[in-house]
Amino acid sequence: MAEAHPVGFRWVMKAKERGARVIHIDPRYSRTSQLADTYVAIRAGTDVAFLGGIIRHVLETESYFRDYVIQYTNASTIINEQFRDTEELDGLFSGFNPDTGLYDRSSWMYEGGEVASAAGVREHSTESFNERTGAGMMMGNVERDETLQHPRCVFQILRRHFSRYTPEMVERICGVSREDFMAVADALITNSGRERTGMFCYANGWTQHVEAVQMIRTAAILQLLLGNVGRPGGGIMALRGHASIQGSTDVPTLYDLLPGYLSMPRAREGHLTLEDYIDTGGADRGWWSFFDTYIISPLKAWFGDAATKQSDYGFAHIPKLTGNHSHYATMLRALDGGVDGFFVMGQNPAVGSAHSGLQRRALAKMKWLVVRDMAEIETATFWRNSPEVQSGELRPEEIQTEVFLMPAASHIEKEGTFTNTQRLVQFRDKALDPPGDARSELWFMHHLAKRVKAHYAGSDRDRDWPIVNLKWGYPEHGEMREPDVEAVLKEINGYEVASGRPLSSFTELRSDGTTACGCWIYSGIYEAGVNQARRRRPGDIAAEGGTVSPEWAWAWPANRRILYNRASADPQGKPWSERKRYVWWDEEQGRWTGYDVPDFPADKRPDYRPEPDARAMDAIGGADPFMMMADGRAWLYTPSGLLDGPLPTFYEPVESPVKNLLYPKVGTDPATIRWKRPENPLHATGDPRYPVVATTFRLTEHHTAGGMSRSVPWLVELQPEMFAEIDPQLAADRGIENGGWMTIVTERAEIEARAKVTDRLRPLRVEGCVVHQLGLPWHWGYSGLSRGDTTNDLGVLTADPNVSIQETKSFTCDVRAGRRHRASTARLAGAALRGHDVEPSEDDPLAENPKEASE
Amino acid sequence: MTPSGSRPRSFESLRRVPVIGRVMDWGMGPSAASERTRRAEARIAGMKVTESVCPFCAVGCGQLVYTRAGELVDIEGNPRSPINQGTLCPKGASSRQLVQQPGRLTKVKYRRPGGSDWEELELERAMDMIAERMIAAREDGWQDTDRHGWRVDRTLGLAHLGGATLDNEENYLIKKLFTAMGAIQIENQARI
Amino acid sequence: MTDEHRWEGRLEHSGEPAELTPEDEPPTTSQGRETDWVADHDTKSRDIRPALGKPGEPAAWTAAKPGAAVPLARPSFGDAQWSFLYKARDTAYAAAEPSPGQVVSANRRMRRAQVTDVHGPFIHAPVWSWEVPLYFWFGGMASGSAFVALACDVAGDCRSAAIARRVALGALSPAPVLLIGDLGRPDRFLNMMRVFKPRSPMNMGAWCLVAFSGSSAAAVGADLLGRPRAAQALGALTSLFGSYLGSYTGVLLACTAFPVWARSRTILGPAFVATATASGAAATRLALVASGLPDGHPTRSALGGLETASMLSELVLSAVGERQLGDAAEALRRGRPGTLFRTAKSLVVLGLSLRVVARRRMGPREHDLASIMYLAAGLAFRFAWVSAGKASATDAAAVAAMGRGRRALHDVRERPRPQRAPSMDRSQLPLPGAARRAYGEAIRRASLAIERRLRHR
Amino acid sequence: MSTGSAHTEIAIHRSGAQRMGFFTDTTVCIGCKACEVACKQWNDLPADGSVPGKGASYDYTGDLSASTWRHVRFVELLEPSPQLREEAQRALESGGGNKFPAIPASGAIDLVDAAQAGDGAADVAEAVSKMGDWVFMSDVCKHCTNAGCLDACPTGALIRTEHQTVVLQPDVCNGCGYCVPACPFGVVDRDPQDGRAGKCTLCYDRLEDGLEPACAKSCPTDSIQFGPHEELVEIASRRVARLHERGIEGAYLYGAGDEPDEQLAGGLGAFFLLTEPPELYGLPAQADSPVQENVVPATLAAVGAGLLASAGAVIAFVAAGRLSRRRPVRESW
């Protein structure tokens with residue numbers, strides 16, 4: 001955190017001086033470790049085992065926050081009889097189909113009810129889509145046992161599930177000594193409960209794994225058991241890496257989402273109507289019961305007058321998914337010649353995406369490529385100086401890709417909003433005009449849209465309907481004819497169609513086409529026609545509760561700074577402790593109040609209990625803080641929404657030097673997406689040729705793939721060269737000298753780096769062998785002021801089944817002394833060419849066989 | 001406040017000698033200050049300021065951007081921001097150079113198929129060419145139905161990958177236009 | 001792109017690793033790696049636009065609107081959060097009252113604590129290039145000649161005195177050029193006279209140089225105008241200035257943080273005066289010989305004696321100084337300064353031997369040769385002392401030892417530190433490396449040959 | 001102990017001005033180098049290249065220079081000691097044919113086992129206990145009370161301002177280079193391209209407008225604190241006491257809080273809180289203005305020698321004259 005989010009660490013340091021205990025768990029001793037009270041070295045990719053061990057410890061020692069767990073989580077809920085845990089099936093849950101590599105999740109349901117996850121249907125594959133998971137959202141009424149004694153209640157299942165995760169096991173799997181493990185567990189337990197809270201912060205060390213979602217789920221379970229969710233000083237903090245990466249998922253440029261976390265429609269038999277979509281995606285209990293208003297309003301915003309009840313609001317024209325169209329799947333299609341054109345805006349896949357050699361080869365197969373950036377980044381120059389060109393595998397004169405490199409405006413040369421890691425939407429004013437022909441992406445999209453609309457104007461083809469009717473009336477201003485950003489923001493916020501009045505909140509949204517709203521969760525950002533994201537009143541942060549600064553910018557939803565903050569009060573609505581008061585029930589006023597905007601219906605009494613057949617928000621009780629969930633409870637156990645299990649289970653990383661000690665029969669995550677192709681070779685578990693675990697990391701002085709830092713001399717001089725951190729023992733073994741060259745080898749590539757031989761990386765003893773870990777920063781590429789080999793050349797394409805993120809935080813490799821002897825990706829030259837011979841499939845290749853079965 | 005300080009004995013005893021001692025301080029007083037130093041002030045005094053947000057990581061630090069006559073002069077932390085209280089990390093502190101970086105692009109560069117070097121393009125022409133290609137790719141990769149005969153109404157001919165330093169409004173227009181075009185392969189950094 | 005590297009359609013692991021060309025071969029030594037590293041990276045990435053003004057002329061300190069406030073900043077350090085950890089009083093950052101003497105004793109304890117390691121660099125090496133020692137040499141020669149002029153006057157040899165005064169002026173004339181040439185901003189050399197600052201040896205030296213050149217030029221002028229009394233008076237004044245001009249350079253070096261200079265503070269001045277006197281006398285002697293002063297003239301004899309005595313005192317001072325320095329004297333023995341010192345000393349010894357030999361068997365030519373040797377020795381001494389400073393500054397252990405008030409820090413393990421890449425811009429001698437090596441070799445051989453000859457006799 | 005002496009050195013007088021300084025607390029420094037960049041940004045200093053890293057360090061800046069006025073030092077106490085490496089190597093060699101040797105004993109960190117299994121266990125244990133000590137310190141001009149550079153500067157380019165900071169006036173400096181060796185802390189340097197010397201001005205221009213210096217402003221964890229010197233010394237002393245209370249016995253102040261005769265250069269305007277002996281940070285244990293230390297004895301010796309030399313010359317000539325009058329000789333000596 002000190003390494004990649006130094007200013008965020010400011011507050012950690014303050015907390016530390018106020019007595020907080022800071023624990024840092026990382027394969028690599030970093031700047032953060034130096035400032036932490038405790039540092040624990042862990043083997044990359046074993047976090048579920050580590051956290052699972054703590055969960056077991058918490059359960060076994062009865063150290064959980066009992067009141068919180070019983071009232072606010074689904075610990076007491078009883079699961080149906082068909083469910084079989086990994087304990088019974090040796091590492092698999094019930095419902096696994098070895099042929100497809102998918103789970104049939106019907107057996108994971110609650111007893112007496114069927115629920116869908118808060119985020120709606122999120123699965124990636126056609127098969128899973130066709131299961132009846134969503135309709136009715138929650139059928140019947142769940143059964144609970146508040147004594148937590150029922151053998152099939154979540155609590156007991158949890159206890160059984162994690163019973164294997166003993167401290168000894170943690171030591172053997174993670175390489176963390178018993179003492180260190182117990183120190184962390186005790187610190188967490190003693191700093192949780194009524195009076196104290198503990199917090200988890202994570203970044204890509206958790207997300208870039210094939211088990212990413214389950215790692216974070218494990219932390220969530222632990223935090224729920226300890227009562228650390230929805231309370232100040234608690235929670236799980238995602239430290240996201242980019243200025244508006246949160247915003248880019250809220251207002252998503254993601255294939256499977258529509259704005260506001262609505263899922264993209266999936267193709268299904270017959271004709272998919274809006275009603276079908278609302279049936280599968282919506283809910284009849286909890287906040288998602290307003291689902292219809294959230295989907296109709298954006299359709300209204302997009303298609304304007306043409307979006308009517310008669311036209312089904314144009315829903316039929318929204319493109320539909322049939323499988324995985326994530327970035328990596330798309331690039332593989334491109335490699336097979338299936339993608340004509342590619343827009344890359346402020347992104348550098350030639351360096352930043354996993355298996356970047358494959359990415360670059362895919363770029364060479366496209367007809368055209370538009371890159372928008374401030375400098376000549378690697379993605380734009382792959383045809384000139386990429387390793388593939390250096391090796392002679394690709395020749396510029398044979399690469400038929402047309403490349404447009406468009407100069408982009410910088411952050412001060414355009415106005416707009418960024419959503420930071422805490423969901424705070426902040427508006428940036430414009431200071432300058434961009435130089436020369438540099439333009440904002442807003443300008444680019446606007447003027448592109450105008451051209452496209454002009455081309456299709458008057459077309460009566462069905463497929464052109466959405467373009468012809470696309471509402472695109474943003475006013476332009478200035479010599480550059482820049483579109484008005486506040487007009488776009490107003491559309492995102494939503495307005496009353498008849499009057500154009502900006503909406504004050506998503507509660508004003510209607511499903512009858514009288515309101516339009518681009519992204520329901522951002523509704524209220526333009527309340528009363530005022531740009532709320534531009535508010536800059538910090539308030540007195542020294543005052544009690546002042547750190548909330550509710551008038552500094554605007555946080556979605558509805559300016560709430562802590563989600564589910566109803567949980568900061570006990571079931572009766574009183575703060576769990578005076579020290580930790582945040583939001584509470586004010587009996588006199590008859591409403592919820594506090595330092596923050598209550599994340600709960602403001603006037604719902606804490607003692608309200610729903611009728612058994614209550615629907616929508618009426619079904620949420622006054623003591624059920626998690627109102628986005630159909631049952632109002634936080635889910636320790638996830639009956640729906642995840643593809644790889646209702647509970648986190650430790651699987652070894654896809655590439656691992658050691659066998660899975662907990663579930664030897666399963667090994668790696670069976671639901672992982674593995675693209676088995678010749679140019680994507682995977683190292684088998686325990687492959688003796690690749691005994692070293694590599695993990696990637698970022699440096700304070702550089703930013704991601706270097707597009708924004710390797711062209712800045714002030715930053716380049718601070719970290720001018722690609723290096724690898726290696727422990728002294730491994731270095732001695734391979735004759736690698738501190739400061740000398742070393743080469744890192746995988747089946748995909750070999751890269752060279754300067755060796756930093758340091759105890760910041762320490763060999764770990766895991767069961768039966770010594771595991772050496774290697775730390776690799778991944779900022780370098782072949783362009784810019786500072787050049788170096790690209791770490792991502794080494795990586796393999798595999799993905800988490802839930803979110804399709806790659807595993808770059810843990811893969812195996814080998815190291816040797818000296819420089820590489822040929823271009824970094826030359827070893828795959830043949831395979832890549834073979835890949836080219838594969839006939840491009842008509843449809844998405846994954847739809848045929850979504851995942852290869854695990855070995 | 002008077003500074004206290006020991007001085008090396010011999011030097012100090014020399015300075016204590018009446019009259020001659022004072023000689024040791026000659027050349028140090030007001031005569032040494034130049035006129036420019038006397039008038040010294042921060043260069044941003046009286047300059048136009050704009051409030052912005054750092055473009056690097058997701059902490060969202062506030063920045064103050066000082067400009068004069070269309071030229072960027074200084075970017076520093078915004079002391080009023082409750083997030084960073086005026087502080088910045090090295091990346092944030094370097095953002096002025098990010099804007100003024102030596103290799104900053106200001107012209108559209110174009111590389112024709114099989115070309116071995118960049119050519120320059122007029123912006124409007126480039127936009128026209130891109131729109132043409134985009135429309136062609138849409139038509140080329142269009143699917144009304146998938147292999148089961150289910151309606152998909154989409155094109156697989158074009159894809160998009162966005163960085164996460166794009167504004168929400170920009171992302172919104174990207175998703176809106178591309179979805180209307182029927183493109184589904186719209187992705188960004190969040191998946192990487 | 002060469003044909004060997006071109007893809008030829010073989011599958012899997014295409015082609016064997018290409019043979020490394022010699023320039024691709026990684027360097028084997030750490031020194032080599034550094035050079036390699038410097039070559040790898042663009043260290044000249046200094047092309048940035050200043051915020052205002054033109055490159056090299058930072059526009060700092062000039063307000064956009066003089067007198068205006070800075071917008072969005074609270075005045076009088078209102079935004080300075082000089083301890084948000086402390087000032088807010090909501091942390092325990094500084095929540096303890098120090099007991100009396102607690103800080104003093106903690107400071108004392110840690111500053112006296114045993115160290116097993118030092119992490120340099122502590123100080124910067126001087127940026128002076130070859131002009132400076134050359135200036136020292138010329139300046140010294142000028143002041144030595146001024147002494148001689150005074151002595152001649154007192155001894156009554158007015159003709160020689162006049163010549164000595166011309167030598168002084170002549171030797172001084174390159175001095176300003178060299179001094180200005182060494183400045184980073186030569187156009188601003190007049191700023192040296194901007195203030196009169198008695199505590200700055202360089203400032204005093206500059207003023208002294210002005211005074212010396214003024215009086216020396218005036219004295220020569222008086223000679224030319226045939227005003228011997230005025231010339232003598234001015235000569236005496238010049239000699240008075242010379243006593244500072246010849247010695248301040250030693251003070252200049254002593255007033256630095258480099259162990260080898262600072263610890264020789266009472267040696268450097270006298271040693272420099274000795275060198276100055278010797279080289280002044282030698283130069284004057286050669287000039288007098290050239291001007292036809294007959295062999296056997298007492299002035300020639302006196303000059304020879306003066307040269308030899310000064311050089312001997314220089315040798316003695318050096319020896320005493322070296323003993324005083326302790327471990328810091330390593331800087332005088334190793335590397336470049338070591339070579340230079342040895343060269344200087346051999347030249348002195350050679351000169352001395354010549355004088356001894358010439359006294360017995362040879363003629364005036366050998367005496368002239370000895371003078372040249374002394375002159376050369378003087379030059380070598382100047383270069384040696386200056387380069388010793390550089391060596392000393394990079395000797396982290398010696399600097400650390402000086403900070404502890406010790407002659408040696410025996411328990412200190414020194415870490416070798418690489419040189420800063422960009423400062424390689426200036427070489428110390430304006431000679432190519434080959435020439436420098438050839439020069440060293442020539443000196444070595446010549447001295448060997450002479451030694452051999454002398455022994456054979 | 002002298003008082004008021006610095007006043008006669010002050011080149012700019014403004015009423016109400018007080019001594020301002022930096023207090024750099026290394027115990028909260030995260031080594032992010034924001035100060036380095038913020039300084040370059042504000043003062044328009046160019047990137048001047050890097051030094052090849054100190055082995056395993058992240059320090060590519062190397063030292064302060066004319067265009068680097070803040071430098072974050074990375075003190076690698078955890079860099080493997082030679083013994084540790086030897087031991088690891090020995091353990092490896094005795095490990096048999098496996099790719100990775102079987103190393104006896106339990107525990108997660110094999111390096112420790114490897115080391116402790118061999119000889120010299122004490123050294124190794126110490127080295128291992130040092131693991132986890134990676135200290136960062138943002139170095140800067142100390143703005144000494146007795147400033148060597150200020151004393152040495154022949155042009156008056158270096159002045160003491162009303163904030164009692166030592167500032168170099170770039171419009172005056174002629175690049176003589178004398179301030180470079182006169183600084184006992186290795187702060188000032190002359191820029192090889194620009195020709196002038198450069199060093200921290202404690203953002204003199206910002207101070208004139210009531211802004212804090214760029215580095216202190218940017219520091220994310222307030223490791224660099226700026227304020228009235230007196231106040232900073234008080235905070236710093238309390239911080240030392242607090243750290244002692246927390247068991248960090250090594251905490252001390254470098255450049256403040258000393259007895260008068262133990263002060264560093266008369267007391268530093270920019271002082272530090274350190275936890276290791278100063279030499280590990282490249283700081284001398286004791287230092288003062290070299291000019292003030294040496295100028296009196298050196299000048300006395302030098303001028304004395306100069307006068308002696310001219311007198312000696314006179315004597316030599318007079319003696320030679322007398323000799324020659326007695327008997328004409330061939331030239332000797």
Side-chain angles (χ1 to χ4, degrees), chain A residues 6-8 240 242-243 245 247-249 251 253 267 319-320 322 325 327 330 339-347 368 375 396-397 400 403 405 407 410-412 416-418 420-421 426 428-429 431 435-437 441-442 445 449 451 466 470 485 488 538 541 549 552 703 711-712 714-715 843, chain B residues 50-53 55-56 58-61 65 67 80 82 84 89 94 97-99 101 103 105-109 111 113-114 116 123 131 133 137 146-147 150 152-154 157-175 177 180 182 184-188 190-191:
Chain A
V7 179
R240 310 202 66 176
H242 306 70
I245 195 155
S248 68
T249 41
V251 181
T253 40
K320 285 154 278 283
T322 50
H325 293 282
H327 169 58
T330 303
V339 177
D340 291 350
F342 192 31
F343 289 92
V344 177
M345 303 191 191
Q347 185 49 284
W368 52 268
E397 56 270 33
Q400 292 304 310
V403 184
L405 176 55
S410 72
H411 71 294
I412 62 160
T417 56
F418 280 158
N420 82 348
T421 193
Q426 301 187 93
R428 292 182 337 271
D429 294 342
D437 285 344
E441 272 67 34
L442 201 72
M445 290 313 296
R451 282 167 166 81
L470 191 64
V485 79
V488 182
I541 68 159
S549 293
W552 182 268
H703 189 245
S711 49
V712 177
W714 285 330
L715 294 176
D843 206 318
Chain B
T50 314
E51 287 180 82
S52 191
V53 178
F56 287 96
V59 171
C61 299
V65 182
T67 52
R80 293 197 302 160
N84 57 320
C89 77
S94 78
Q97 209 175 43
L98 173 76
V99 176
Q101 59 181 270
L105 296 170
T106 55
K107 283 271 170 209
V108 180
K109 289 185 168 187
R111 183 256 179 196
S116 56
L123 179 62
R133 280 154 185 72
D146 73 350
R147 63 201 156 87
W150 303 345
V152 288
D153 304 290
R154 67 184 185 191
L158 62 132
H160 166 269
L161 182 66
T165 312
L166 304 189
D167 299 345
N168 292 319
E169 295 77 16
E170 294 174 336
N171 276 320
Y172 179 72
L173 293 196
I174 292 169
K175 184 73 179 179
L177 177 65
I184 50 169
Q185 297 163 132
I186 309 304
E187 285 280 279
N188 73 39
R191 187 107 48 208

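As a basis for the values below, the full set of heavy atoms in this structure was taken, side chains included, without hydrogen atoms, waters or symmetry mates. Naming convention: chains lettered A, B, ... in sequence-line order (proteins, then strands); numbering from 1 in each chain.
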Q: Regarding B:Asn168 and A:Thr417, is there a side-chain donor-to-acceptor distance under 3.5 Å anywhere?
A: yes
Q: Pick whichever of A:Pro538, A:Gly436, A:Ser549 has the most heavy-atom pairs under 4.5 Å with chain B.
A: A:Pro538
Q: Under 4.5 Å between any side-chain heavy atoms of A:Leu442 and B:Leu173, yes or no?
A: yes
Q: Donor-acceptor check, side chain of A:Asn420 to backbone of B:Val59, threshold 3.5 angstrom: yes or no?
A: yes
Q: Just so I understand: if I count every heavy-atom pair under 4.5 Å between each of A:Thr253, A:Asp437, A:Asp340, A:Ile245 and chain B, which residue has the most?
A: A:Thr253
Q: Only pairs of heavy atoms separated by less than 4.5 Å count here; which of B:Ile174, B:Asn84, B:Val53 has the most with chain A?
A: B:Val53
Q: Does the B:Glu169 side chain pair with the main chain of A:Val488, one donor and one acceptor, at a distance under 3.5 Å?
A: no
Q: Kindly indicate whether the side chain of A:Pro407, heavy atoms from C-beta on, has any atom under 4.5 Å from the side chain of B:Val108.
A: yes
Q: Most heavy-atom pairs under 4.5 angstrom with chain A, which of B:Asn171, B:Thr165, B:Leu158, B:Val65?
A: B:Asn171
Q: Any salt bridge linking B:Asp167 with A:Arg428? Criterion: basic side-chain nitrogen under 4.0 Å from a carboxylate oxygen.
A: yes
Q: Give me the atom names and distance for the closest heavy-atom approach of A:Gln400 to B:Arg111.
A: C-NH1, 4.4 Å
Q: To the nearest 0.5 angstrom, please state how far the CD atom of B:Gln185 sits from the CZ atom of A:Phe343.
A: 12.5 Å
Q: For the atom pair CD (A:Gln347) and NE2 (B:His160), what is the distance rounded to the nearest 0.5 Å?
A: 9.0 Å
Q: If we ignore hydrogens and angles and just use 3.5 Å, is the side chain of B:Gln101 paired with the main-chain N or O of A:Ala375 as donor and acceptor?
A: no
Q: If every non-hydrogen atom of B:Ala137 is compared with every non-hydrogen atom of A:Trp368, which pair is closest and at what distance?
A: CB-CZ2, 3.9 Å
Q: How are the rings of B:Phe56 and A:His703 set relative to one another: parallel (under 30°), tilted (30 to 60°) or perpendicular (over 60°)?
A: perpendicular
Q: Regarding B:Ser116 and A:Glu397, is there a side-chain donor-to-acceptor distance under 3.5 Å anywhere?
A: no
Q: Can you measure from SG (B:Cys61) to CZ (A:Phe418) and round to the nearest 0.5 angstrom?
A: 12.0 Å
Q: Does a donor on one side chain sit under 3.5 Å from an acceptor on the other, for B:Asn188 and A:Ser248?
A: yes
Q: Is there a donor-acceptor pair closer than 3.5 Å between any side-chain N or O of B:Gln97 and the backbone N or O of A:Trp714?
A: yes
Q: If you tally heavy-atom pairs under 4.5 Å against chain A, which of B:Ala58, B:Ser52, B:Gly114 wins?
A: B:Ala58
Q: So which part of B:Thr67 gets closer than 4.5 Å to some heavy atom of chain A, the side chain, the backbone, both or neither?
A: side chain
Q: Once rounded to the nearest 0.5 Å, what's the spacing between atom NE2 of A:His327 and atom CD of B:Glu187?
A: 8.0 Å
Q: Could you report the tightest heavy-atom contact between A:Lys320 and B:Arg154, atom names first, then the distance?
A: O-NH1, 2.9 Å
Q: Can you measure from CD (A:Glu441) to CG (B:Leu166) and round to the nearest 0.5 angstrom?
A: 5.0 Å
Q: Atom CD1 in B:Ile184, atom OG1 in A:Thr322: separation rounded to 0.5 Å?
A: 6.0 Å
